[in-house]
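Numbers for residues simply follow the sequence, beginning at 1.
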Amino acid sequence: MKTFTFSPVASLLAMACFAGLSMGFSSLAVADELSDIQQQWAKCQYDILNKDNKVKCLNQVIIRNEQALRQAPTRADLKVWLAINQSSLAGVKGGLSALPLVKKAKSLLEDVIHTDPNVLDGSAYTSLGTLYYQVPGWPIGFGDDDKAEALLKKALAINPNGIDPNYFYGDFLAQNGRRDDAIHYLKKASQAKPRPGRKLADTGRQLEIRQKLKELQ
């Protein structure tokens with residue numbers, strides 16, 4: 001039976017308490033929120049080792065993400081990141097308590113794929129595909145390796161050189177015993193160009209890539 005294995009990584013997550021959460025955002029502030037949410041997620045993901053502190057950190061990011069989305073409810077990028085934060089929190093919690101979180105994330109990602117599938121270079125496909133291979137299958141969860149692979153391939157079609165789609169597809173292949181293919185995609189992920197404003201996330205992901213390659217080689 002599968003267990004929740006979201007990479008802290010996902011893949012999948014200390015952060016100071018957020019100030020001013022009760023204040024309204026201007027349009028410009030809302031536009032800037034995504035970058036701040038990404039930065040705070042990276043701090044939760046890669047700077048915190050203690051489980052309780054990581055849970056607290058991710059809960060704070062989720063609160064901030066939800067507030068930003070209330071101010072701009074049509075923004076697909078904020079929906080994707082709310083799903084990522086929820087999935088990351090589920091990965092830290094693990095077990096049955098994670099199921100409500102991953103179901104919320106799944107719903108958000110399905111909505112984005114329906115309305116704006118190419119947002120953030122197809123990240124909704126990457127994130128939903130990752131959920132499908134990391135969540136247990138029926139009767140506990142909705143996990144499905146066939147759906148996972150189809151979604152991850154769609155992500156790669158949109159962003160063939162991206163660090164995340166290559167990393168997660170490589171991880172999926174590794175978990176399914178397809179070693180040589182996994183190594184290929186993980187090496188491709190290791191060669192991805194740095195993302196502007198995402199230094200901490202890229203550094204953390206590259207460490208994960210090296211660790212997985214070490215396990216496979």
Side-chain angles (χ1 to χ4, degrees), residues 1-15 17-18 37-38 40-66 69 78-113 123-152 155 164-165 167-178 182 186 201 204-205 207-209 211-212 215-216:
M1 180 182 297
K2 286 187 179 180
T3 56
F4 292 106
T5 56
F6 305 108
S7 14
V9 226
S11 239
L12 142 156
L13 288 155
M15 175 172 60
C17 293
F18 296 116
I37 288 166
Q38 290 172 327
Q40 297 296 355
W41 172 84
K43 291 179 181 179
C44 297
Q45 173 83 354
Y46 297 114
D47 280 354
I48 300 178
L49 299 178
N50 178 272
K51 178 179 177 180
D52 290 340
N53 290 341
K54 193 179 288 286
V55 167
K56 180 180 179 181
C57 182
L58 285 166
N59 273 321
Q60 290 172 328
V61 182
I62 287 171
I63 290 170
R64 184 172 189 169
N65 203 156
E66 288 174 336
L69 191 55
L78 290 173
K79 291 181 182 179
V80 171
W81 268 92
L82 180 55
I84 289 171
N85 284 312
Q86 290 169 337
S87 300
S88 299
L89 180 58
V92 176
K93 287 188 170 184
L96 294 178
S97 65
L99 283 174
L101 286 164
V102 295
K103 288 179 179 178
K104 289 179 182 179
K106 177 176 178 285
S107 179
L108 282 167
L109 294 168
E110 288 173 339
D111 178 63
V112 171
I113 287 171
S123 291
Y125 287 118
T126 303
S127 298
L128 186 55
T130 301
L131 285 181
Y132 268 113
Y133 81 81
Q134 292 187 339
V135 170
W138 188 90
I140 296 174
F142 56 82
D144 185 315
D145 281 351
D146 290 337
K147 290 182 179 179
E149 185 160 21
L151 288 162
L152 291 168
D164 283 342
Y167 168 77
F168 284 109
Y169 190 45
D171 184 53
F172 166 80
L173 293 168
Q175 289 196 26
N176 282 273
R178 295 154 65 178
L186 290 169
R205 183 72 78 224
L207 287 172
E208 292 167 345
I209 292 167
Q211 179 60 39
K212 290 192 178 296
E215 292 169 0
L216 291 169

Interatomic distance, S87 atom OG to Q134 atom CD [nearest 0.5 angstrom]: 8.5 Å
Stepwise side chain to side chain contact (heavy atoms under 4.5 Å, CB included) test for D145 and F172: CA-CA 9 Å; D145 281 351; F172 166 80; 3.9 Å; yes
Point-to-point distance, once rounded to the nearest 0.5 Å, from NZ of K104 to CG of N85: 13.0 Å
For the student: nearest non-hydrogen atoms of L109 and A124, plus distance: CD2-CA, 3.9 Å
Contact check, side chains of L152 and T130, non-hydrogen atoms, under 4.5 Å: yes
From NZ (K56) to CG (N50), nearest 0.5 Å: 11.0 Å
Pairwise side-chain contact, L78 with I37, heavy-atom cut-off 4.5 Å (strictly under): yes
Min side-chain heavy-atom separation K103-F142 under 4.5 Å: yes
Close side-chain approach of V135 and I140, heavy atoms under 4.5 Å: no
Among L128, V80, V112, side chain to side chain contact (heavy atoms under 4.5 Å, CB included) partner for S123: V80
Expected output: side-chain D171 to main-chain Y167 donor-acceptor under 3.5 Å: no
Distance-minimising heavy-atom pair for A182 and L216: CB-CD1, 3.9 Å
Reported CD1-to-CD distance for the pair I84 and Q38, which is rounded to 0.5 angstrom: 8.0 Å
Sidechain N-carboxylate O distance under 4.0 Å for E110, K79: no
Close side-chain approach of N176 and L173, heavy atoms under 4.5 Å: no
Short N-O contact, E208 and K212, less than 4.0 angstrom: no
Qualifying ring-ring contact (aromatic ring centres under 6.0 Å, His included) pairs, either residue in residues 83-104, two or more places apart: none
Value rounded to 0.5 Å, distance of OG in S127 from CG in L151: 10.5 Å
W41 vs Y46 side-chain heavy atoms within contact, under 4.5 Å: yes
Least distance between heavy atoms, A155 atom then T126 atom: CB-OG1, 3.1 Å
Residues that L82 engages under side-chain contact (heavy atoms from CB on, under 4.5 Å), provided they are two or more places apart: I62, N65, E66, L69, Q86, L108
Non-hydrogen side-chain atoms of E149 and Y169 separated by less than 4.5 Å: yes
